[in-house]
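A short worksheet on the structure shown next.
We count residues from 1, following the sequence as given.
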Amino acid sequence: MTGGAANDLPPIRHNDYSPLCPPALGEWAPSLSVSVVIPAHGGQHRLDLTLAALAAQTYPDHLMEVIVVDDGSDPPLRLPEIVPEETRIVTADPGGWGIAHAVNTGASLAGGDVLQRLDADMLICREHIEALARWHHLAGHLVTIGAKKFVEEPALEPGEVYEAVRAGSLESVVDLSAALASSTEQTIARTDGLRASRNPYHVCTGPTVSMRRETFHAVGGIDPDVLRGEDTEFAYRLAQHGVVFIPDMEAGAVHLGLPAQRRDRERVVRAVAPYLAHRVPLRRDLRKDRGRRWLVPYVEVVLHVGGAALERVREAVNAALEGSVTDVVVTLVAPWSSLPPGRRPVLRDPAFELRLMREHFAHDERVRLADEVSPSPAPIPFRYTGPVSVPLEHRSLEKMISALQGDRAGLLIVDLPGHGPATLERTEALGRARLLGADGADDVVASIERTHGVRHGDPQEFWPSRPVTRTGPAEKVSEKAPAKAPRPDDPAQKEGGRPEGGVRETGVREAKKPDPDRRAPGNRGSAGPAPRKPPSLLSRLRDAIRAD
């Protein structure tokens, strides 16, 4: 059996991998090579036991290598007597430390088609590598997760472990009746093996996980700056890349020692929180401090601004940054790199408007200038693209994201008559389309429709202050009179209505008109048009003073 092309696969909706049929263990012929990467710091005896279990695997020896990465152990780690045939110890690259840094070192040296991450204190069953690797022979965009239980470390020797694993009876040397099931296995069971999970990356923890080597490198490896929760952060980026997560309970394993959460759960949670808050925007519970700036924004807002006036672009940018969704970055797309340097007539510069725009936004960290739209906004989970002429309203992004989250769609399209479409993409859906070979806008939309679904929305749902319009053969005709221009100090308008400053939602600034209700000083006695509402007490007092 060999890996099939992604295009030949039946569509996998969200994370429901049911269409995939892996071969039965022991009844197929593997062809992909596997590199097992084990980060280790001290713990020589546990490492010896882990390597002994690896030496008894059913996966062919000639297709498996093991790379142990010594992350600064003192004394240095050594290879024991019982190891797989192709096993070596390397030292972690200089200039860094920690699990992530060690795994990245091993991955950079790995030659296998598949990368298998394994902890240095794991005893795996004899089919473990085979069970996870069989999925990768079906498709290249899968991430497989092994099962694990936690036990207090028993007194064991490598020879005992090797014989027990080779005989398929790991339970003969480890008391599994007293084992503690991992919380991830409970989540897997509750979500039908992650098929129904909305965020399957949550259970993709590091002790045993595998993927194609190119997938690991495509997302940049594990972030060495994340010292706690690095597995979850890495899995989040894999999710945005578009992978499918598959847990295989036949890939059994025992983790020697109880999890850290059992010893001091509160401290573990506190240690992880700031790392995930900055890097996993979907953890909204960790971003409750309004006004903060986060390393990875929640939404990228893309505006094509070539040929637009600075004033109009400012309105659109301000609307995006001042909405109810605050962790936003705005990308302004225009031919910035084509602006010639050197001496020029500043006031008569043909690129006068574009240069003004660049200077106005170049120093704002929330605004990016780009010549073209990137293929993916990852790791940002959502990307909005809309016309500059229709600024976002205060809650537009919030409502659009809610619509996508509600039915788990991958793309929302809102047609704005006379202005073109506004879209909100789910990054993981876009990533899946790219992994499946979609090329071109139409192919991407068709692929997203198959894997996540495409939703078409009504403008009034997301721009409630816009007039309802219909398009005719000649021009747009309004079916509702425009709303009265808001007062600059109207708090309701600042929160959710028309953008501040008297700007229509089309992006055209309203000209100030004389107020027919206000009497000119020289015409106090004339009867002007009837007022829209009774004069306020302050107005009546002012008129009385003038009359005196």
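Side-chain atoms of N104 come within 3.5 Å of backbone N or O of I222 as a donor-acceptor pair. R426 places a side-chain N or O within donor-acceptor distance of the main-chain N or O of A409, the cut-off being under 3.5 Å. A donor-acceptor distance shorter than 3.5 angstrom exists from the side chain of D371 to the backbone of S337, with no hydrogens or angles considered. Judged by distance alone, the side chain of Y236 and the main-chain N or O of L276 form no donor-acceptor pair under 3.5 Å. Here the side chain of H304 pairs no donor or acceptor atom with the backbone of V333 at under 3.5 angstrom. The backbone N or O of I246 sits nowhere less than 3.5 Å from a side-chain atom of T144 that would complete a donor-acceptor pair. No donor-acceptor distance shorter than 3.5 angstrom exists from the side chain of Q240 to the backbone of G431, with no hydrogens or angles considered. Without hydrogens or angle criteria, R126 side chain to T58 main chain gives no donor-acceptor distance under 3.5 Å. Using a distance-only test at 3.5 Å, with no hydrogens or angles considered, no donor-acceptor pair links the side chain of R46 to the main chain of G43. For the pair Q44 (side chain) and R78 (backbone), a donor-acceptor distance under 3.5 Å is present.
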**OP:** Would you check, one step at a time, whether the test side chain to side chain contact (heavy atoms under 4.5 Å, CB included) holds for V373 with R383?
**Re:** CA-CA 11 Å; V373 181; R383 177 163 66 188; 3.3 Å; yes
**OP:** Let me see the working for D70 and T91 under side-chain hydrogen bond (donor to acceptor under 3.5 Å, both in side chains), right down to the final yes or no.
**Re:** CA-CA 5 Å; D70 188 343; T91 56; over 6 Å; no
Original post:
Step by step, would you call D231 with R117 a salt bridge (charged side-chain N to carboxylate O under 4.0 Å, His left out)?
Top reply: CA-CA 11 Å; D231 301 326; R117 154 79 192 282; 3.2 Å; yes
**OP:** Might you work through the side chain to side chain contact (heavy atoms under 4.5 Å, CB included) test for T87 and L54, ending with a clear yes or no?
**Re:** CA-CA 10 Å; T87 302; L54 273 169; over 6 Å; no
Original post:
Could you walk me through whether D225 and R279 pass the side chain to side chain contact (heavy atoms under 4.5 Å, CB included) check?
Top reply: CA-CA 11 Å; D225 292 332; R279 295 166 175 84; 4.1 Å; yes
Original post:
Could you walk me through whether R198 and R408 pass the side chain to side chain contact (heavy atoms under 4.5 Å, CB included) check?
Top reply: CA-CA 8 Å; R198 285 178 170 265; R408 302 178 66 189; 3.1 Å; yes
Subject >> Worked check of salt bridge (charged side-chain N to carboxylate O under 4.0 Å, His left out) between R284 and D327 >> reply: CA-CA 11 Å; R284 306 310 292 161; D327 42 342; 3.0 Å; yes
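No hydrogens or angles considered: a donor-acceptor pair under 3.5 Å links the side chains of S210 and H136. With 3.5 Å as the limit, one finds a donor-acceptor pair spanning the side chains of T208 and Q116.
Closest approach of L430 and P377 over heavy atoms only: CD2-CD, 3.9 Å. Here the closest heavy-atom approach between residue P274 and residue R270 is recorded as CD-O, 3.2 Å. Shown here for A102 and P39, the closest heavy-atom pair between the two residues is CB-CB, 3.7 Å. Across every non-hydrogen atom of F150 and S182, the tightest pair is CE1-CB, 3.6 Å. Nearest heavy-atom pair across S31 and L63 is O-CD2, 4.0 Å. In plain terms, the two heavy atoms of F234 and G221 that are nearest each other are CD1-O, 3.3 Å.
No side-chain heavy atom of I129 sits under 4.5 Å from any side-chain heavy atom of L132. Using a 4.5 Å heavy-atom threshold, the side chains of L123 and L156 count as touching. Between P158 and E81, every side-chain heavy-atom pair lies at or beyond the 4.5 Å cut-off. Between S108 and F216, every side-chain heavy-atom pair lies at or beyond the 4.5 Å cut-off. Contact annotation: the side chain of T184 approaches that of T205 to within less than 4.5 Å [non-hydrogen atoms, C-beta and beyond]. A 4.5 Å side-chain heavy-atom check between Q57 and V165 finds at least one atom pair inside the cut-off. The side-chain heavy atoms of R434 and S376, taken from C-beta on, include no pair separated by under 4.5 Å. Counting heavy atoms from C-beta on, the side chains of R366 and V328 never come closer than 4.5 Å.
Counting non-hydrogen atoms of other residues, nucleotides and ligands closer than 6.0 Å to CD of E372 gives a total of 12 or fewer. More than 12 heavy atoms of other shown residues, nucleotides or ligands fall within 6.0 angstrom of atom CG in D407. The environment of E171 atom CD is dense: over 12 non-hydrogen atoms of other residues, nucleotides or ligands sit within 6.0 angstrom. In this structure, W97 places its CH2 atom where only 12 or fewer heavy-atom neighbours from other residues, nucleotides or ligands lie under 6.0 Å away. Atom CZ of R267 has 12 or fewer heavy atoms from other residues, nucleotides or ligands within 6.0 Å. Heavy atoms from other residues, nucleotides or ligands lying under 6.0 Å from CD of E153 number more than 12. Within a 6.0 Å sphere centred on CG of D285, heavy atoms belonging to other residues, nucleotides or ligands number more than 12. The number of heavy-atom neighbours closer than 6.0 Å to CZ of R13, taken from other residues, nucleotides and ligands shown, is above 12.
Using cut-offs of 30° and 60° on the angle between ring planes, the pair H137 and W28 is perpendicular. Between F382 and Y298, the angle of the ring planes goes over 60°, which puts this pair in the perpendicular group of the 30/60° scheme.
Salt bridge present: E233 and R237 bring a charged side-chain N and a carboxylate O closer than 4.0 Å.
Rounding to the nearest 0.5 angstrom, the gap separating the CD atom in E300 from the OG1 atom in T427 is 8.5 Å. Here M400 contributes atom CE and T423 contributes atom OG1; the two are 7.0 Å apart, rounded to the nearest 0.5 Å. The structure places CG of L194 at 8.0 Å from OG1 of T187, a figure rounded to the nearest 0.5 Å. Here the NZ-CZ distance, from K288 to R283, works out to 10.0 Å after rounding to the nearest 0.5 Å. The distance from the CZ atom of R88 to the CD atom of E65 is 5.0 Å, given to the nearest 0.5 Å. Atom-to-atom distance recorded for T451:OG1 and H14:NE2 is 8.0 Å, nearest 0.5 angstrom.
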